[in-house]
Amino acid sequence: MTVLKIGPDDSRDQGLEVVKAWIPAGIQVLTADMAFALGLEGKRGARIVQVYSGSSAEKAGLRVGDIVVALDGQPIEATRQEDLEVLPTMVRQYRIGSAVELTVLRNAGEIKIQMKLPAAPKPAREMDRYRCENYDFSVRDIAFMDRIKEGWSEKQTGVIAEAVDDGGWASLGGLSSGDLIYAVGGYVINDVAGFERIMQQVMAESSRTIIVQVERKRQNIYLELQAAKNRK
Amino acid sequence: MSIRNVSIFMVPVCFFSILFAALPVQSDDAALCRETIAKNQSAVVTLEVVAVNRVSMFGEERKSESKSEAAGMIIDPSGLIVSSLAMINPSEFFSEIFSSISAEGDIKQSGEITGLKILLPGGQEIPARVVLRDKDLDLVFINPLKKPDKPLPFMDLNQVSTPALLDQVLLLGRLGVVGNRTICADLCRVRAIIEKPRTFFVLNDANNYGGPAFTMDGKLLGITTIRKLPREAVSSSGMGNNILPVVLPVADVAEVAKEALAAVKKKR
């Protein structure tokens with residue numbers, strides 16, 4: 001049976017996004033309810049919930065609990081959860097390396113924090129990828145936000161499994177999207193380029209079965225993945 | 001001769017004095033502009049875009065294919081082009097307007113580029129792709145899928161030019177197919193100069209989005225784009241006060257162009 005797809009290919013690459021300036025910190029909107037609860041009725045802004053370790057935000061003196069109410073004197077018009085992107089969008093308008101002044105509420109007082117805006121790290125969608133056709137899954141490099149979310153240090157190596165085909169060989173072996181693959185056939189995986197090289201090496205020297213070591217929800221798991229008999 | 005007669009006599013004299021005094025200046029400006037146009041027009045190209053647009057209204061989705069043209073400027077001999085993202089993919093631009101007037105999010109629009117060609121002034125067509133986009137600055141970088149046979153004429157981004165408020169700037173573009181894609185030019189004035197969060201020269205009027213803008217001394221000032229605040233940064237609905245025709249300075253274009261060239265290198 002031949003399946004024809006009619007019309008243009010809808011999944012064409014739409015290009016990368018330009019690297020932008022950012023504040024290396026996790027934020028949450030100071031909602032009207034929260035402002036009331038904190039005794040800051042009528043105030044608007046973004047509350048710092050995490051300051052990324054070693055970042056320019058930390059060096060500038062930004063702290064968890066700070067409420068950013070203005071950027072270079074421009075008020076942060078955020079009062080609802082949907083306004084989460086207000087501050088990041090305002091920051092994105094600046095050139096990387098620009099010096100800005102944050103107006104911050106801390107301990108019922110107002111302070112000014114000067115900082116230089118660094119370049120935002122590459123998002124997950126722009127990390128290098130490799131499709132492992134023999135096992136029906138893809139991997140990508142670890143993104144900065146993966147490290148934040150999973151609590152991984154800078155030294156953590158490996159690749160992240162994604163697009164694990166339902167009913168495919170990797171899926172049957174127990175691999176899930178989001179698993180961190182840190183070793184294959186006993187070889188340590190550093191990144192996507194290393195994964196591709198080691199997979200080819202392991203497949204050349206072993207039978208259909210390979211042993212993959214993954215981290216899933218902070219637990220280490222060994223998986224046995226089998227490839228198709230007529231593998232490439 | 002009475003004072004009254006002198007006054008009557010002086011009116012046409014003054015009128016013609018002013019007229020003839022003004023004409024040479026305008027003529028000089030036009031001559032300077034023509035010089036700039038002749039020097040740079042081969043680097044101003046037409047981009048032909050095919051896009052699939054999706055409009056979702058109150059739960060019903062409609063899909064259509066559109067073909068449009070926009071101007072762009074070549075900034076590297078390899079054929080790297082910069083243009084206005086809003087001109088290349090208007091659906092992305094309109095999606096922000098739709099979402100800002102539709103508070104409940106019941107009207108959505110999106111566009112995906114499925115075909116792109118560079119139409120050179122000589123009539124040559126080169127298939128191309130988008131390599132880098134900047135929604136905040138309304139920029140898109142496009143490069144040929146195959147390296148051109150010979151280096152293409154390009155605009156040097158290492159120029160410094162700073163107009164003052166109310167100075168004139170020359171904008172270049174290309175007419176559509178109805179005008180045989182002929183080079184076209186407009187003279188505008190700098191209506192405002194925004195300094196924060198970065199420098200933008202606001203124009204009193206503009207037509208040639210995606211094309212280059214020059215100061216009257218013939219130096220490249222930047223690219224004509226649309227400055228709009230993303231919906232995330234606008235607390236009130238409506239876009240009327242949040243859209244401006246601007247020139248993004250050449251230094252800013254050059255900065256992003258470095259990233260675009262690196263992306264091209266990686267893709268090859």
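What you see is a predicted model, and the numbers here were worked out from it, not measured in a lab.
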- request: Kindly write out the residues that satisfy side-chain contact (heavy atoms from CB on, under 4.5 Å) with A:Ala163, not counting sequence neighbours, or none if the list is empty.
  value: A:Arg131, A:Ser138

message: How about NZ on A:Lys43, more than 12 heavy atoms from neighbouring residues, nucleotides or ligands closer than 6.0 Å, or not?
response: no

Those residues that, when tested against A:Asp128, pass salt bridge (charged side-chain N to carboxylate O under 4.0 Å, His left out) (two or more places apart): B:Lys266

- prompt: So which bits of residues 101-116 of chain A come within less than 4.5 Å of chain B, counting non-hydrogen atoms only?
  reply: none

query: Which atom pair, heavy atoms only, marks the closest approach of A:Val19 to B:Glu259?
result: N-OE2, 2.8 Å

task: Locate the shortest heavy-atom distance separating B:Pro197 from A:Gln93; write the atom from each residue and the value.
output: CG-CB, 3.3 Å

message: How long is the straight-line distance from CD1 of A:Ile96 back to CD of B:Glu255, given to the nearest 0.5 Å?
response: 6.5 Å

field: side-chain contact (heavy atoms from CB on, under 4.5 Å) against A:Tyr52, all qualifying residues, sequence neighbours excluded
entry: A:Trp22, A:Pro24, A:Gln50, A:Ser55, A:Phe144, A:Met145, A:Ile148

query: In this structure, are over 12 heavy atoms from other groups packed under 6.0 Å from A:Arg95 atom CZ?
result: yes

4.5 Å side-chain heavy-atom contact, B:Lys135 and A:Glu17: yes

field: Which atoms of B:Val131 approach chain A - backbone, side chain, both or neither, heavy atom under 4.5 Å
entry: backbone

task: Indicate yes or no: at least one non-hydrogen side-chain atom of B:Leu137 is less than 4.5 angstrom from one of A:Lys20.
output: yes

